[in-house]
Amino acid sequence: MLTNTPRGTKDILPEDVANWRYLEEKIRDICEIFGFKEIRTPLFEHTELFQRSIGEDTDVVDKEMYTFLDRGGRSITLRPENTAAAVRAYLQNKLYADNALTKLFYIGSMFRFDRPQAGRMREFHQFGVEAIGEENPAVDAEVILLAVNFLKSLGLKDLELSINSVGCPKCRAEYRKKLQDFFRDKLDTLCDDCKSRFERSPMRILDCKKDSDKPFMQDAPRVTDSLCEECREHFEKVKAYLTEAGIEYKLDPNLVRGLDYYTKTAFEIKYTPLGAQSAVAGGGRYDGLVEEIGGNPTPAVGFAVGLERVLLALEKQNLLPEHDDSADVFIVALGDAAAMPAFKLLNDCRAAGLKSAMDYAGRSMKAQMKQANKFGARFALILGEDEIKENVVVLRDMQKSEQEKIALAEIVKKLVAEVKG
Ligand SMILES: [Zn+2]
Ligand SMILES: [Zn+2]
């Protein structure tokens, strides 16, 4: 047990970190182009923040949160998502004072106690954006475009964008009634969760994981047929902006994003070759959340991308770049007398910006040359008692298998010229 990570977590090993850094670089590039600024919020928050924002009787709050009392007796929760924390930070730090529209992005670990499977871990990583302060449908389109362009910038094709409008509290009251009328005589066939959703939030029956493929779901009343004038117009404009941007989309009337604070636009991006884990990004408008957390009514829209799934997709398509972490120079020190001069040479090489390594185990020439190959070193510097007496070093080009003696005083300059060209 001492040498195993807790279930649902894993180490990101040095060879994988290169892929994560690649992904993070792509995220920062696209967010900079779109004018979103990075925010880093704590890994844990007051439990009430998530209870209030995600809502009681949701799977996340009821079954999946890592919640504990700290030593001061306060209830603390590891963040299961980051929208609520971003909005909390927006209010606490009065970010609204600087701009009418605040555009934030984040990258980081989230925590949910869920059954671990491929692409779904208990500690998982999300990239997300939140655009807070503007109700204009152009912002919905901008946020969707950012998500699509990010995934495309990684080389992913076969992306499928679905959109819907879930209306606003005004038009949803009527829609709820229509849904209840529709589901009333089908209640027996629904799962227990849905039976209890029927009264409180019948919309969430539509995206129930257990019931969503029941044949009658296709005939359920569509929220887009119940939209009020304002919501309908907003949705039409979002679609028009997406068309203007040349983005293809599909309308999915059952895309409802169960949480109550979601309003108007909802969207999801699937990477179809991933099968059951194909949803890589999801988001939408949440005009009700800022007020729910204690701010003034403030419109907002955002999304989150599951980075484990994106990495799975990139692996599947061989889209991850090769990483070159090979050394420029490997120093081979032979005999005790060489140890100190070799150490000085190593430090001089590093001070000149050369990626440098050496062997400290005092092994044979052959073993050290093997080591130099393992490091992928372009050059080996060989330093033994004879070289030290002559004030030279043997420079060996590992690819050409050629070697020559160079004056110790000249070697770093020569290497820099070779490596940095
Ligand atoms: Zn409405
Ligand atoms: Zn159900």
Side-chain angles (χ1 to χ4, degrees), residues 54-64 112 114-115 117 120 134-141 143 163-241 251-268 276 279 282-292 297-301:
I54 299 173
E56 312 273 359
D57 348 297
T58 55
D59 280 356
V60 175
V61 168
D62 290 348
K63 301 174 196 162
E64 296 174 359
R112 289 187 195 187
D114 203 350
R115 200 168 56 83
Q117 49 187 292
R120 182 184 290 175
E134 181 58 70
E135 60 187 354
N136 193 315
V139 182
D140 305 50
V143 161
I163 61 171
N164 192 24
S165 173
V166 298
C168 66
K170 222 167 28 174
C171 45
R172 243 176 349 221
E174 188 196 316
Y175 179 58
R176 282 167 63 106
K177 260 184 238 140
K178 283 193 197 167
L179 270 183
Q180 284 168 333
D181 290 343
F182 175 79
F183 282 120
R184 189 160 287 117
D185 63 356
K186 300 171 183 68
L187 261 185
D188 288 345
T189 68
L190 297 175
C191 75
D192 288 345
D193 287 337
C194 284
K195 284 183 185 118
S196 68
R197 285 169 185 148
F198 177 77
E199 282 302 331
R200 283 190 302 253
S201 46
M203 270 177 93
R204 293 190 41 228
I205 298 175
L206 295 174
D207 73 346
C208 172
K209 284 170 202 144
K210 289 177 203 139
D211 292 324
S212 62
D213 49 4
K214 296 252 159 77
F216 58 75
M217 285 293 182
Q218 291 307 314
D219 303 322
R222 304 190 156 190
V223 59
T224 39
D225 294 331
S226 301
L227 296 181
C228 66
E229 190 54 29
E230 187 197 323
C231 289
R232 210 180 45 77
E233 207 173 284
H234 189 274
F235 193 38
E236 289 308 313
K237 285 203 176 131
V238 171
K239 289 189 277 186
Y241 279 120
L251 297 176
D252 180 356
N254 288 343
L255 182 65
V256 294
R257 307 193 54 79
L259 310 180
D260 284 345
Y261 56 76
Y262 279 107
T263 53
K264 296 177 178 162
T265 312
F267 73 95
E268 185 174 74
R285 190 161 270 289
Y286 51 93
D287 291 348
L289 181 60
V290 179
E291 192 180 8
E292 187 68 39
T298 308
V301 54

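Throughout, numbering of the chain's residues begins at 1 and tracks the sequence. Atoms within each ligand, like the ligands themselves, are counted from 1 in listed order.
Rounded to 10 degrees, the SG-metal-SG angle spanning Cys208 and Cys194 at the Zn ion (ligand 2) equals 110°. To the nearest 10 degrees, the angle centred on the Zn ion (ligand 1) between SG in Cys228 and SG in Cys168 reads 120°.
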**Request:** Tell me, with the steps shown, if Phe183 and Leu190 meet side-chain contact (heavy atoms from CB on, under 4.5 Å).
**Result:** CA-CA 9 Å; Phe183 282 120; Leu190 297 175; 4.1 Å; yes
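For the pair Leu255 and Val166, the tightest heavy-atom approach, listed with the atom from each and the gap, is O-CG1, 3.8 Å.
Remark: Arg197 does not engage Asp192 in a salt bridge, criterion side-chain N to carboxylate O under 4.0 Å.
Look at Asp211 and the Zn ion (ligand 2): an N/O/S atom of the residue is under 2.8 Å from the metal.
Side-chain contact annotation: Ser226 with Lys178, donor-acceptor N/O pair under 3.5 Å present.
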